[in-house]
Amino acid sequence: MEEKLKLYLRSMVANEGSDLHIKAGSHVRARVHGALRVLGKEKLNEEEVEILVREITTESHYQKLTEQGSVDFSYKPDKESRFRVNIFNQMDGLSIVMRVIPTHIPTIEELKLPSVIETFSDMPRGLVLVTGVTGSGKSTTLAAMLNKINRTYQKHIITLEDPIEFVHQDIKCLVNQRALGSDFYDFKDALPAALREDPDVILVGEMRDAETIELALHASNTGHLVFSTLHTLDAKETVNRIVGSFPKEEQNRIRLSLSSVLSGIVSQRLIPGKNGGRIAAAEVMIQTSRIRELIAENRDFEILDAIEEGHDIYHSQSFDQHLLSMVDRRMITEEVALEYASRPSDLKLKLEGVGRGGAKQAIKNAEEEIVEAFDFKVEK
């Protein structure tokens, strides 16, 4: 069965797919440019999927699947490719999802993300969060930022991942990558241990609970640069999620701590490109004195306005500002921009020219029409 799996994986990669889906009793499918497509006519029955699972899992992985109902690990069918695997129980048997992990670590420029994101790699300390739904490219963006550090500075990087995705070779940095389940058994135990291992940079694969969040805040506050992820849509929701993970009586303390160490948030959404494929739209929040104040004073509802107002000075940007830029550069259509916008009505006005210099042009055009119709000058 494993050889058959390799054929499906090769077919998916050849069709520029990102995820392979195998479900007992159903057709094998691949996600290609955001849509699920059937690969071939064969259906794998429950017994065949069970055999396949036993072939590609270790004894410990299979035991975890049996005990907990799901398991994550990485799979390497050959020297050139790697896949992130999730296997889980469902009502008809087992299902497998395998995501392509590119062997080449792209740069921020190659990802077509805002260049300001690169500056997070230059920070000596602080907390940098990359957020978004599953499949929005968080791991790739994090890998690009770590890769810049690795190629630029002489530092010690420790990663705590579930599972290890991008493999970083030692270039200028010493990089130690640890996988949940094989190299450590709990983030909240591994993170304090990492602090005793002389790190400069720590990657925490995901901040899953209040204890891990507080440890990440502590690591950032003690002079380390910490990267992590959350499944949140934007900066405002990210702050709310972090603070809301704690009991009410502790939330003011967490707000103050977060406001002092949070260096930035990159929130991503993958959207359809004008020429096919998907590209990342990003909201980028950069810590400023105003952002610190808003977080500390529980004024999260003002964060989006602060991000947009800081665009020219700090190069922060909202989703809608990035969408507008991508429309101008003909990377996406106006229809896609409006579909994915945070404030569709505001973006529609800007697409029509209102609020970005177009209003003056509209007035000028109206004045010229009056002159032409009535043959007199409009006084200014």
Side-chain angles (χ1 to χ4, degrees), residues 1-66 68-106 110-111 133-140 143 161-169 177 179-182 205 270 272-273 275-280:
M1 288 303 298
E2 188 171 0
E3 290 304 314
K4 186 178 289 187
L5 170 66
K6 292 177 182 179
L7 288 174
Y8 280 122
L9 290 172
R10 283 197 289 270
S11 176
M12 176 187 68
V13 171
N15 285 282
E16 299 182 346
S18 60
D19 300 81
L20 186 75
H21 290 256
I22 298 174
K23 176 188 173 184
S26 185
H27 291 290
V28 177
R29 289 171 168 81
R31 187 172 296 280
V32 180
H33 301 319
L36 278 181
R37 299 181 181 177
V38 173
L39 289 182
K41 299 179 180 179
E42 183 181 19
K43 293 183 179 181
L44 299 182
N45 61 40
E46 186 175 350
E47 183 181 355
E48 289 174 317
V49 176
E50 174 70 29
I51 292 171
L52 174 59
V53 167
R54 286 186 175 273
E55 288 179 350
I56 65 173
T57 55
T58 63
E59 184 177 340
S60 61
H61 286 144
Y62 191 80
Q63 183 178 350
K64 183 177 180 181
L65 173 64
T66 303
Q68 301 183 13
S70 67
V71 65
D72 294 288
F73 58 94
S74 57
Y75 175 68
K76 190 171 172 55
D78 50 54
K79 293 180 180 179
E80 288 75 35
S81 52
R82 282 170 55 84
F83 299 86
R84 186 179 73 193
V85 184
N86 178 269
I87 304 174
F88 57 95
N89 285 312
Q90 42 87 17
M91 62 182 295
D92 297 317
L94 289 168
S95 281
I96 307 170
V97 181
M98 307 184 76
R99 168 160 296 172
V100 177
I101 303 172
T103 52
H104 166 67
I105 300 176
E110 288 172 338
L111 293 172
V133 300
T134 301
S136 58
K138 299 186 295 295
S139 298
T140 307
E161 303 176 70
D162 180 25
I164 292 172
E165 298 189 27
F166 290 89
V167 175
H168 296 267
Q169 304 298 328
Q177 295 185 257
L180 180 71
S182 56
L270 287 183
N275 299 317
R278 294 187 295 169
I279 53 181

Enquirer: Would a 4.5 Å heavy-atom cut-off, applied to side chains only, mark Phe83 and Val100 as touching?
Expert: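 In contact.
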
Enquirer: What residues, two or more places apart in sequence or in another chain, satisfy salt bridge (Lys or Arg N to Asp or Glu O under 4.0 Å) together with Lys23?
Expert: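 Only Asp92 meet the salt bridge (Lys or Arg N to Asp or Glu O under 4.0 Å) criterion with Lys23.
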
Enquirer: Using the test side-chain contact (heavy atoms from CB on, under 4.5 Å), find all partners of Leu36 that sit at least two apart in sequence or belong to another chain.
Expert: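 Partners of Leu36 by the side-chain contact (heavy atoms from CB on, under 4.5 Å) criterion, ordered by chain and then number, come out as His21, Arg29, Arg31.
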
Enquirer: Can you sort out the partners of Glu46 under side chain to side chain donor-acceptor pair (under 3.5 Å), two or more places apart, ordered by chain and number?
Expert: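 With sequence neighbours excluded, Glu46 shows a side chain to side chain donor-acceptor pair (under 3.5 Å) to no residue whatsoever.
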
Enquirer: With side chains defined as the heavy atoms from C-beta onward, is the minimum distance between Phe166 and Glu161 less than 4.5 Å?
Expert: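 Of all side-chain heavy-atom pairs linking Glu161 with Phe166, none is under 4.5 Å.
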
Enquirer: Minimum heavy-atom separation for Val49 to Ala24, with atom names?
Expert: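 Smallest heavy-atom distance, with atoms named: CG2-CA, 3.8 Å.
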
Enquirer: Sequence neighbours excluded, which residues qualify as side-chain contact (heavy atoms from CB on, under 4.5 Å) partners of Leu52?
Expert: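 If we apply the side-chain contact (heavy atoms from CB on, under 4.5 Å) test to Leu52, skipping adjacent residues, the hits are Met1, Leu5, Ile22, Glu55, Ile56, Ile96.
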
Enquirer: Find the distance between CE (Met12) and CG (Asp19) and round it off to the nearest 0.5 Å.
Expert: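 Nearest 0.5 Å value for the CE-CG distance: 7.0 Å.
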
Enquirer: With a 3.5 Å distance limit and no angle check, can you tell me whether Ser11 reaches the backbone of Leu7 through a side-chain donor-acceptor pair?
Expert: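 The answer is no, because no donor-acceptor pair under 3.5 Å joins these two groups.
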
Enquirer: Crowded around Gln90 CD? As in, over 12 foreign heavy atoms under 6.0 Å?
Expert: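 Counting neighbours around CD of Gln90, more than 12 heavy atoms of other residues, nucleotides or ligands fall under 6.0 Å, so yes.
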
Enquirer: Go through the structure and list residues passing side chain to side chain donor-acceptor pair (under 3.5 Å) with Gln63, not counting sequence neighbours.
Expert: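 In terms of side chain to side chain donor-acceptor pair (under 3.5 Å), with neighbours along the sequence ignored, Gln63 is linked to Glu67.
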
Enquirer: Partners of Glu48 by salt bridge (Lys or Arg N to Asp or Glu O under 4.0 Å), sequence neighbours excluded?
Expert: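 Residues passing salt bridge (Lys or Arg N to Asp or Glu O under 4.0 Å) with Glu48: none at all.
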
Enquirer: Distance-only, no hydrogens or angles: does the Gln177 side chain make a donor-acceptor pair with backbone N or O of Val167 under 3.5 Å?
Expert: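 No; judged by distance alone, with no hydrogens or angles, the pair does not exist.
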
Enquirer: Would you say that Arg82 contacts Ile164 through its side chain, given a criterion of any heavy-atom pair below 4.5 Å between the two side chains?
Expert: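 A side-chain contact under 4.5 Å exists here.
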
Enquirer: Could you work out, with salt bridge (Lys or Arg N to Asp or Glu O under 4.0 Å) as the rule, every residue matching Arg84, not counting sequence neighbours?
Expert: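 Arg84 satisfies salt bridge (Lys or Arg N to Asp or Glu O under 4.0 Å) with Glu165 only.
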
Enquirer: Check side chain to side chain donor-acceptor pair (under 3.5 Å) between Asn89 and all other residues, then give those that pass, not counting sequence neighbours.
Expert: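 Per chain and number, Asn89 pairs via side chain to side chain donor-acceptor pair (under 3.5 Å) with no residue.
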
Enquirer: Could you work out, with ring pair (Phe, Tyr, Trp, His ring centres under 6.0 Å) as the rule, every residue matching His61, not counting sequence neighbours?
Expert: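 Per chain and number, His61 pairs via ring pair (Phe, Tyr, Trp, His ring centres under 6.0 Å) with Phe73.
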
Enquirer: Can you list the residues that meet the side chain to side chain donor-acceptor pair (under 3.5 Å) rule with Asp78, with sequence neighbours excluded?
Expert: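 Counting only residues at least two positions away or on another chain, Asp78 forms a side chain to side chain donor-acceptor pair (under 3.5 Å) with Ser81.
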
Enquirer: Which pair of heavy atoms, one from Thr140 and one from Pro106, lies closest together, and at what distance?
Expert: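 Taking Thr140 first and Pro106 second, the nearest heavy atoms are CG2-CG, 3.5 Å.
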
Enquirer: I'd like to know if the side chain of Asn45 and the backbone of Glu47 have a donor-acceptor N/O pair within less than 3.5 Å.
Expert: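 Looks like yes, one N/O pair under 3.5 Å.
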
Enquirer: Restricting to non-hydrogen atoms, name the atom on Ile87 and the atom on Leu65 that form the minimum distance, rounded to 0.1 Å.
Expert: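 It is O-CD1, 3.6 Å.
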
Enquirer: Sort and list the pairs that fulfil salt bridge (charged side-chain N to carboxylate O under 4.0 Å, His left out) and have at least one residue in residues 32-44, not counting sequence neighbours.
Expert: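 Listed once each, the pairs are Lys4-Glu42.
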
Enquirer: In chain order, what residues pass the salt bridge (Lys or Arg N to Asp or Glu O under 4.0 Å) check against Asp72, with sequence neighbours excluded?
Expert: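 Asp72 satisfies salt bridge (Lys or Arg N to Asp or Glu O under 4.0 Å) with no other residue.
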
Enquirer: Output the distance between atom OG (Ser18) and atom CE (Met98), rounded to the nearest 0.5 Å.
Expert: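 One gets 13.0 Å once the value is rounded to the nearest 0.5 Å.
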
